[in-house]
*Asks:* 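One structure, as structure tokens, below. Some questions next.
A, B, ... follow the sequence lines: proteins, then strands. Residue 1 opens every chain.
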2 protein chains.
Amino acid sequence: MTLNDDVCQMVYVHQDAVEQVRKGMPSKETIRDLSELFKVLGDGSRLRILFALSVHELCVCDLAALLDISPSAASHQLRILRASKIVEYRKEGKNVFYSLNDGHVSNLIREGAEHVCEGREVSYDGNIEPYYG
Amino acid sequence: MTLNDDVCQMVYVHQDAVEQVRKGMPSKETIRDLSELFKVLGDGSRLRILFALSVHELCVCDLAALLDISPSAASHQLRILRASKIVEYRKEGKNVFYSLNDGHVSNLIREGAEHVCEGREVSYDGNIEPYYG
DNA sequence: ATAATATATGAACATATATTCACATATTAA
DNA sequence: TTAATATGTGAATATATGTTCATATATTAT
């Protein structure tokens, strides 16, 4: 298939740029995994869970109470975060304590927060030592 | 409202942790904006548009051809990216050229790509000089 | 054993989202 | 002007997603 075969007639104007871009494009797998990662981060409840866990490990019902959502809702979100390998957990009696898997996602969130908070007071205290399980 | 008032009875065990976490939680506005940012990044078509624009500015129909989507679909996604201030555009005759607004999002994507590509070959050549409009 | 508590799960519902299609707008050329 | 091209937009559809509810499982206490 050639580019712009039946869409744009002016392709020869931008063909060099398009070819340069084509070479730099990530694989389908990278796009798929990356969009899934951002999709997981693109939910307020999950983001708050991750901010919380970046400070201290917490059990499901503490998270539910902290975020003012039902334990069931928290569990559903934690399941998604587990499937994405973003959080890990340990069992202790009746409780299940969740924590961040590593610092990658924490960095992403902090960098994103800096972006959206530009020119605005940031209530998130980035000085707290990140917690990993 | 007190924490865990009718959900968990064992809250006193973890109350210190919960209180510590509460103080570090971002504001509602930060959570809302950040989740929206990640939501915008959580789509394969938009991610590919951003990867492409990080290499070179492109017009709508070049993007459509490159990504094998309709110009209409590309325009819809670009509208979302414009609304999020992630891309900007300049008009030149019948064409509208889009480019990245700044390096923040490019950094986010690169960092995310490194995360998902761990232990896998990365086809995206990060050495290409990023393009900003 | 039964009861109580913490967490997990499946179904159902409501909402959100991406794409397609048809059409509107804008710019240029003839 | 009209015709052609590039882009934008609104409606409609199909799919995806988050939450709630009911229920199941697991662990501890009695």
*Asks:* What is the distance, rounded to the nearest whole Å, between atom OH of B/Y89 and atom C1' of C/dA26?
*Replies:* 13 Å

*Asks:* Expressed as a whole number of angstroms, how long is the span from B/R90:CZ to C/dT27:P?
*Replies:* 15 Å

*Asks:* Between atom CD in B/E92 and atom C1' in D/dA6, what is the gap in whole Å?
*Replies:*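 Taking CD of B/E92 and C1' of D/dA6, I get 13 Å after rounding.
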
*Asks:* Applying salt bridge (Lys or Arg N to Asp or Glu O under 4.0 Å), can you list everything that pairs with B/R82, at least two apart in sequence or on another chain?
*Replies:* none

*Asks:* Rounding to a whole Å, what distance do you find between B/L63:CG and D/dA6:C1'?
*Replies:* 13 Å

*Asks:* Looking at every strand, decide which applies to B/Y98 at a 4.0 Å heavy-atom threshold: base, sugar-phosphate, or nothing.
*Replies:*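 Sugar-phosphate only.
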
*Asks:* Expressed in angstrom and rounded to an integer, what is the separation of A/K94 atom NZ from D/dT28 atom P?
*Replies:* 8 Å

*Asks:* Sequence neighbours left out, what passes side-chain contact (heavy atoms from CB on, under 4.5 Å) with A/D102? Give chain and number order.
*Replies:*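 Per chain and number, A/D102 pairs via side-chain contact (heavy atoms from CB on, under 4.5 Å) with A/H104, B/H115.
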
*Asks:* To the nearest Å, give me how far apart NZ (B/K91) and C1' (D/dT5) are.
*Replies:* 15 Å

*Asks:* Could you check whether B/S72 and B/S75, counting side-chain N and O atoms only, form a donor-acceptor pair closer than 3.5 Å?
*Replies:*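 Result is no, nothing qualifies.
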
*Asks:* Over how many whole Å does the gap from A/R82 atom CZ to C/dA8 atom C1' extend?
*Replies:* 8 Å

*Asks:* With sequence neighbours left out, what residues match B/H76 under ring-ring contact (aromatic ring centres under 6.0 Å, His included)?
*Replies:* none

*Asks:* Tell me whether the side-chain N/O atoms of B/N95 come closer than 4.0 Å to OP1 or OP2 in D/dT7.
*Replies:*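 For B/N95, the contact criterion (side-chain N or O under 4.0 Å from OP1 or OP2 of D/dT7) is met.
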
*Asks:* Side chains of residues 39-52 of chain B: which donor-acceptor pairs under 3.5 Å do they make with residues two or more places apart or in other chains?
*Replies:*
from, atom 1, to, atom 2, distance (Å)
B/D43, OD2, B/S45, N, 3.1
B/D43, OD2, B/R46, N, 3.1
B/R46, NE, B/V40, O, 2.6
B/R46, NH1, B/Q77, OE1, 2.6
B/R46, NH2, B/K39, O, 3.4
B/R48, NH2, B/L67, O, 3.0

*Asks:* Within the 4.0 Å limit for protein heavy atoms, which parts of nucleotides 17-25 of chain D are touched? Write it as a string from 5' to 3', B for base, S for sugar-phosphate only, - for none.
*Replies:* SSSBBB---

*Asks:* In whole Å, I'd like the distance from the CZ atom of B/R79 to the P atom of C/dT20.
*Replies:*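 Whole-Å distance recorded here is 18 Å.
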
*Asks:* I'd like to check the side-chain contact (heavy atoms from CB on, under 4.5 Å) partners of A/E36; sequence neighbours left out, ordered by chain and number.
*Replies:* A/R32

